[in-house]
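Accompanying notes for the structure given below.
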Amino acid sequence: MNKQLSLLFSLLPVCNVIGQHTEPMRPNIVYILADDLGIGDLGCYGQKTLKTPNIDRLAANGMRFTNHYAGSTVSAPSRCSLLTGKDMGHAYIRGNKRLPDGASMGYDFPLSSSETTVADLLKQCEYTTACIGKWGLGGPDSEGDPRKHGFDYFFGYLSQRNAHRYYPDFLWENDKQLKLKNQVYSADLITEKAVDFIDRNASKSFFLYFTPTLPHAELIVPEEALQEFDGRFEEVPFQEGERYGAQAKPRAAYAAMVNRLDRAVGEIVGKLKEKNLLENTIIIFSSDNGVHQEGGHDPEYFNSNGIFRGIKRDLYEGGIHTPLIVQWENKIAKGQTRPHISAFWDFLPTIADITGCEAPDNCDGISFLPTLTGKGTQKEHEYIYHETYERGGKQSIIKDGWKLVRLNMKHPQEIVEELYNIIQDPSEQTNLIEQYPKKTNKLRKLAVSIHQFNPNFSW
């Protein structure tokens with residue numbers, strides 16, 4: 001047993017079973033992934049108008065990271081990165097994309113059966129696993145079906161496009177459609193199922209990947225929830241479009257949706273407490289990318305991305321710099337803030353480190369367990385790499401506080417490059433490309449070397 005694992009096991013609670021050899025209990029893992037939530041939308045990251053007391057309490061009782069990066073700037077590739085431990089230079093899914101054939105029925109490009117997910121890893125260590133909320137990595141019976149990637153139970157939206165509607169015709173429960181006939185607010189039912197999963201599996205080691213669609217557009221909540229925020233903000237009505245329904249009061253609706261997300265976090269924590277599981281449960285909270293500007297939401301109004309420039313679909317910090325909060329009672333000291341640079345692809349190796357399960361060899365991530373516990377030596381990333389295929393194609397690389405952003409990647413003769421020192425200029429206001437040509441050349445070469453060709457996602 002390596003030193004890191006021996007140290008970890010010394011931190012875990014011990015099963016007291018008379019007449020049997022005592023072994024450390026592996027902790028439960030609850031990963032809560034918000035959808036299109038800006039880092040600046042949370043009180044613990046500086047939000048002044050929107051209230052998020054339950055999420056803020058996680059930070060007060062645990063650790064808040066200030067330099068955490070999503071896997072991508074849009075949903076599907078970000079979730080692929082989180083689950084498989086790969087950055088966008090190597091990930092199997094690198095963009096939001098549907099299958100081209102009519103048989104896809106609108107479902108997203110499927111995650112390959114050859115990919116190992118964190119749920120696969122935990123299943124090998126006898127965890128009970130569930131994904132409840134939005135999947136977005138393949139339709140029913142495809143090779144991307146969550147039940148083919150380590151999840152014992154699935155409930156929610158398999159398709160990202162269907163997840164744009166909060167009063168859907170149906171949701172998936174494993175391989176069956178639960179007919180809702182557009183009468184049920186899906187976010188509430190998804191939370192209900194997550195709480196029920198904890199209730200049913202309290203005696204087991206479990207992994208709950210809780211992926212509510214809040215506060216992704218469309219902007220809508222039950223009428224009684226909207227009334228709580230009605231009249232508080234100056235409103236700019238949103239007219240119904242092709243993708244999202246109309247909303248006369250989008251600011252009140254967004255505030256209510258963030259409140260609904262926070263309430264769901266409170267219900268999860270409340271159930272863990274009721275079942276006496278808090279001490280042996282790691283709770284992780286993040287968002288899949290930067291804040292959106294869809295369905296009538298104005299991210300500047302609430303300062304949704306704080307000091308950062310850009311939003312969802314950008315590779316500026318506002319599109320990829322996301323919250324990360326980790327609570328683990330009696331293992332992580334309360335109220336800590338850490339500047340350690342981490343990313344979605346670190347989740348899998350961190351969980352492997354914590355549980356003693358074996359991580360795959362082709363993982364790009366680095367375990368941040370030493371940062372969580374304050375024990376051992378924390379390894380650092382050499383670089384943070386992103387690429388995206390929307391809006392002309394974009395690429396970015398961060399190394400030693402310098403960031404190169406490359407735009408128009410689909411048009412090699414028209415590529416535009418921008419260079420920022422994000423330590424001195426985290427808002428990316430001053431382009432230093434002319435002043436530092438050698439730095440630019442080094443970062444460009446590094447970015448080109450990291451990118452591996454993917455026939456399904458190419459410039």
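Note that the coordinates shown come from a computational prediction; the quantities given were computed from them, not determined experimentally.
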Using the disulfide bond (SG atoms under 2.5 Å apart) criterion, which residues pair with Cys44? Sequence neighbours excluded.
none
Residues that Arg406 engages under salt bridge (Lys or Arg N to Asp or Glu O under 4.0 Å), provided they are two or more places apart
Glu417
Partners passing side chain to side chain contact (heavy atoms under 4.5 Å, CB included) against Ala256 (at least two apart in sequence or in another chain):
Val221, Phe229
Residues 27-58 vs ring-ring contact (aromatic ring centres under 6.0 Å, His included), sequence neighbours excluded, gives Tyr31-Phe347
Asn305: partners by side chain to side chain contact (heavy atoms under 4.5 Å, CB included), with sequence neighbours left out:
Ile39, Val291, Ile311
Which residue pairs pass the salt bridge (Lys or Arg N to Asp or Glu O under 4.0 Å) test with at least one member in residues 151-166, sequence neighbours excluded?
Lys123-Asp152, Arg165-Glu218
The criterion is salt bridge (Lys or Arg N to Asp or Glu O under 4.0 Å); which residues satisfy it with Arg313, sequence neighbours excluded?
Glu294, Glu390
Lys NZ or Arg CZ of Arg309 over Tyr316 ring: under 6.0 Å, within 45°
yes
Measure from NZ or CZ of Lys97 to the centre of the six-membered ring of Phe109, then state whether that distance is under 6.0 Å and the direction lies within 45° of the axis.
yes
Summary of salt bridge (Lys or Arg N to Asp or Glu O under 4.0 Å) pairs that have at least one residue in residues 171-187, sequence neighbours excluded
Glu173-Lys193
Non-neighbouring partners of Glu329 that pass salt bridge (Lys or Arg N to Asp or Glu O under 4.0 Å), sequence neighbours left out
none
Between Ser186 and Leu171 the two heavy atoms that sit nearest each other are CB-CD1, 4.1 Å
The salt bridge (Lys or Arg N to Asp or Glu O under 4.0 Å) partners of Arg200 (sequence neighbours excluded) come to Asp196
Checking Ala76 now: which residues fulfil side chain to side chain contact (heavy atoms under 4.5 Å, CB included) with it, not counting sequence neighbours?
Ile93, Asn96, Leu137, Gln160
Taking only residues two or more places apart in sequence, or in another chain, which ones meet Ala202 in a side chain to side chain contact (heavy atoms under 4.5 Å, CB included)?
Lys275, Leu277
